[in-house]
Amino acid sequence: MKHDYKTIEKKWQDIWDEKQAFVAKNDFTKKKYYALVEFPYPSGAGLHVGHPRPYTALDIIARKRRMQGYNVLFPMGWDAFGLPTENYAIEHKMHPAEVTKRNVARFKGQLKALGLSFDWSREINTTDPDYYKWTQWIFLRLFKKGLAYKKEMTVNWCTRCKVVLANEEVVNGTCERCHGEVVHKAKSQWMLKITAYADRLLDDLDTVDYIERVKTAERNWIGRSYGAEVDFDTSAGDKLRVFTTRPDTLFGATYMVIAPEHPFVEKWKDKLKNYDEIVAYRENAAKKSDFERTEIAKEKTGVKLEGVTAINPVNGKEIPIFVSDYVLITYGTGAIMAVPAHDERDYEFAKKFNLPIIEVVAGGDITKEAYTDVSTGTMVNSDFLNGLEVSAAKEKIIEYLEEKGIGQRKVNYKLRDWVFARQRYWGEPVPLVHCEKCGWQPIDESELPLKLPEVQSYEPTDNGESPLAAMEDWVNTTCPKCGGHARRETDTMPQWAGSSWYFLRYCDPHNDKAFASREALDYWMPVDWYNGGMEHATLHLLYSRFWAKFLYDEGLLSCPEPYLKRTAHGMILGEDGEKMSKSRGNVINPDDVVRDYGADTMRLYEMFIGDFEKSAPWSTSSVRGCKRFLERFAALDEMIKDVKDEELERSLHRTIKKVTNDIEDMKFNTAIAAMMSFINEVYAKGGIDKESLKTFTLILCPFAPHICEEMWERLGGEGLCSLAPWPAYDEEKTKTSEIEIAFQVCGKTKGTVLVPAGCDEDTAFGIVMANEKFAQYVNGKTILKKIFVKDRILNVVVK
RNA sequence: GCGGAUGUGGUGGAAUGGCAGACACGCUGGUCUUAGAAACCAGUGCGCAAGCUUGCAGGUUCAAGUCCUGUCAUCCGCACCA
């Protein structure tokens, strides 16, 4: 047949829709498979060629599972709250919901044109009140469990537009739109206590099948470190508490540093002779944008506190205290004991401020640099620790500190609590009200969803509040506890909220009594295979694992981990090897590719482009190669032979085996290569029998489903090709009677010979000895050693 | 600086420690065409050759793209995490 993709692709997409071929069945007795891809943000730009890569990959897996007899859930939806939509709405004076609706329609049309086997009956949208009702419901449960709290946090403040900016709107320390100066400004915001789950988020990684780089990224992000907290007495009377991972070096602590924002600066105001200087330093640090602060990170700065000193608790020595921005208020206690001999940053600071450097671990040369190695070295200048190894000293000092009541063992994390608030309109309203008398109160569940009100303007206000703050009717309400006057929270939730539980909603998307029925959750969860971008390893993935664990703790979910398996795809780059972007002018539009080559070719090419996990540049001429392959396949119905060819049958069984296994390893490129080789062989043989062609059609079907349905129909296949049983291969039929092995002399390949498959060393050696070429290499020499690898190689070492 | 990854023909990329370059693109030649395109067939790592080839330098091994040590380059993420 001629590959008339325009006609057949539409034809089969309509048939799949009409027959509801890919709708997941609510028959909980069947074996299930839940395949998940990250739902997209429906941007105004439409689908990007990067989107179909993971979608097609999991589509292939979902399709194969259906053919293997599983009840498959492969859903799709829209993560539609977010800044670009809001900004577009502001600019074009449209309602963000209208913008969203339009973008979703476009995306959906594009996805449908690719023949992806999503179950569209379960489509969800995070901006739908029937959906965000449950996002709010989960938030309320978090709040009631004390996992949501308000805290002063810094936000990015554009001094010119006078609005709060998201991190992605800050470019090199300036506002993306007006290029005005951006500074940090404190604002009281809702936080979620994800740190309460840090240990479990870390430890449970051992129970799931994620690719290693995802696990590593999460581990580093959580950043657990073991150490101790130690209290230092100060001349001001207060105890200054520090966290250290090196309590063993306590005898080498020659000064202390507190973060500029440390509360003691204010507390000690009257005692500090140079208070003004310190405040000036703090203000200067606050003014620095993140960009500047990292740019100048090389040079240490700081101010010595005049009037307050500390006492090293192990040797009673009086030591100075500094403020410096190399100590972060957000980590540990916001204060450190500085051990310049064994910490690079402290060393640099001590050199600059001429502070004493005392070696307490022998092994390095502290006149040159800090000695930070903990694996070797023994303690010196450390009283009762002298002579101990570092690890033993660590244990002994912690025991000592605990005994004396001046410190204790402590675990710290880099992971921060989650800022769960945005000063924007287009997000889920936070279902809490503030009452003068009763404080923050949850609204009654019966009032959910708390819908976004219609506002006049979506522009953020110039005092840093969200546009909701201007809605007096909406903001003013009554306290659910005392009935008095109360005001609603006007910040909205971050975009991450809706995506933190969407995989649960897919299990039972139309339920209006619960976020999903327990029965559906127990059947479908956990997700069997989740694929997404590497960039989500530390945020979305961690957030959604946190929510799943919370719901598990609440007894609402049976699995403590939501995803059994996690893989990640590589980016598709422009033809120039650069990241695709409008400004570079190297963007490939998927619509054009589908129009010019068809969806099957597009799908096949996206899978053939290279290693799925790595990024790869687009190549239009390589797309043609995939189209050629499909055209050659399409023409096979006119090359039917009556008899089976034995060699071809062997190749077919090998191809089935290769494709079956490669799909599981996401080695789609080599699976396609094997199928190409098979078709090349069919051409070389001048045709193929009908049964074999039908079988081949089945294994190609997940990759290029439209053309395979068409071929299947022409060959008189029963039902839909997409739902026909996945073919089995016969191991025996993949084998040949003779096999080519290489012979080597001293490890250098000299030639090849045919030997019976699976033959032993003596047989192989006999055959090789009879080979003339081999003889010329060994004649007159002594054979010292023979190495034989069955069906592979025979190597002789001669002298 | 720290963490992660990647270096293989003209190009994208294949290779459980066992014949490096599968498959595809591109290119060259041929068939068919008035011509071109398409399609099909053949060839195609480098070198006239012996031989040489997986970023570079060592090492382990009968055998290394693959393992080990060092080194260089590129890309991505995080930015002083005590």
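Each chain gets a letter, A, B and so on, in the order its sequence line appears, and its residues count up from 1.
Side-chain to base pairing of A:Glu740 with B:C19: one donor and one acceptor N or O lie within less than 3.5 Å of each other.
Contact annotation for A:Asn412: no contact, since no heavy-atom pair falls under 4.0 Å across all strands. At the heavy-atom level, A:Phe608 lies under 4.0 Å from base atoms of the strands shown. Using a 4.0 Å heavy-atom distance criterion, A:Ile609 is classed as a sugar-phosphate-only contact. Across all strands, A:Lys614 comes closer than 4.0 Å only to sugar-phosphate atoms, never to a base (heavy-atom distances). In this structure, A:Asn680 reaches the sugar-phosphate backbone alone: every heavy-atom distance under 4.0 Å involves primed, P, OP1 or OP2 atoms, never a base. Residue contacts for A:Lys667: at a heavy-atom cut-off of 4.0 Å it reaches the sugar-phosphate backbone alone, with no base atom in range. Using a 4.0 Å heavy-atom cutoff across all strands shown, A:Asn220 reaches sugar-phosphate atoms only and no base atom. Using a 4.0 Å heavy-atom cutoff across all strands shown, A:Thr245 reaches sugar-phosphate atoms only and no base atom. Across all strands shown, A:Arg224 has no heavy atoms under 4.0 Å from either base or sugar-phosphate atoms. Within 4.0 Å of A:Ser615, counting heavy atoms only, lie sugar-phosphate atoms of the nucleic acid but no base atom. Using a 4.0 Å heavy-atom criterion, one finds that A:Ser225 contacts the sugar-phosphate atoms exclusively. Looking at heavy-atom distances under 4.0 Å, A:Gln744 makes contact with a base.
The listed nucleotides are B:C80, B:A24, B:G18; the one nearest the side chain of A:Arg792 is B:G18. In the set B:G26, B:C23, B:G18, the nucleotide with an atom closest to the side chain of A:Val789 is B:G18. When distances run from any side-chain atom of A:Leu328 to the nucleotides B:C81, B:C19, B:G26, the shortest one goes to B:C81. When each of B:G13, B:A39, B:C81 is scored by its nearest atom to the side-chain atoms of A:Tyr331, the top-ranked nucleotide is B:C81. You'll find that the side chain of A:Lys414 is closest to B:C81, out of B:G18, B:C81, B:A82. Checking B:G13, B:C62, B:C81 against every side-chain atom of A:Ala616, the shortest atom distance belongs to B:G13. For A:Trp221, whose side chain is taken as the heavy atoms from C-beta onward, the closest listed nucleotide among B:C23, B:C78, B:A39 is B:C78. Counting only heavy atoms from C-beta on, A:Pro617 has its side chain closest to B:G12 among B:G12, B:G18, B:A14. The A:Arg624 side chain lies nearest to B:G26 when the options are B:G26, B:A15, B:C80. Nearest nucleotide to the side chain of A:Thr749, out of B:A82, B:C23, B:C19: B:C19.
Rounded to a whole Å, the NZ atom of A:Lys750 is 11 Å from the C1' atom of B:A50. Atom CG of A:Asp248 and atom P of B:A82 are 13 Å apart (whole Å). Summarising the geometry, the separation between CE on A:Met675 and P on B:A22 is reported as 19 Å, rounded to the nearest angstrom.
Separation of the A:Phe608 and A:Phe703 ring centroids does not fall under the 6.0 Å cut-off. Two rings, from A:Phe349 and A:Phe353, have their centers less than 6.0 Å apart.
When only modelled atom types and interatomic distance are considered, A:Glu575 and A:Ser619 share no side-chain donor-acceptor pair under 3.5 Å. Of the N and O atoms on the side chains of A:Thr567 and A:Asn531, at least one donor lies less than 3.5 Å from an acceptor on the other residue. No hydrogens or angles considered: nothing links the side chains of A:Arg345 and A:Tyr347 as a donor-acceptor pair under 3.5 Å.
The pairing partner recorded for B:G3 is B:C76, the criterion being a Watson-Crick or G-U wobble arrangement whose two distances lie under 3.5 angstrom. The pairing partner recorded for B:C81 is none, the criterion being a Watson-Crick or G-U wobble arrangement whose two distances lie under 3.5 angstrom. Look at B:G12: its Watson-Crick or wobble partner, with both distances under 3.5 angstrom, is B:C23. Pair assignment for B:C40 gives B:G30, based on Watson-Crick or G-U wobble hydrogen-bonding distances that are each under 3.5 Å. Nucleotide B:C46 is matched to B:G51 when pairs are restricted to Watson-Crick or G-U wobble geometry with both distances under 3.5 angstrom. B:C56: Watson-Crick or G-U partner is B:G70, with both key distances under 3.5 Å.
With RNA chain B read from its 5' end, the first of the two nearest nucleotides for A:Asn795 and A:Thr216 is the one closest to A:Thr216.
In terms of modelled atom types and a separation under 3.5 Å, the side chain of A:Asp665 and the main chain of A:Lys667 share no donor-acceptor contact.
With its glycosidic angle within 90° of 0, B:G9 adopts the syn conformation.
A:Lys352 NZ: more than 12 foreign heavy atoms inside a 6.0 Å radius.
Both cation-pi conditions hold for A:Arg632 and A:Tyr683: the charged atom is under 6.0 angstrom from the six-membered ring centre and inside a 45 degree cone around its axis.
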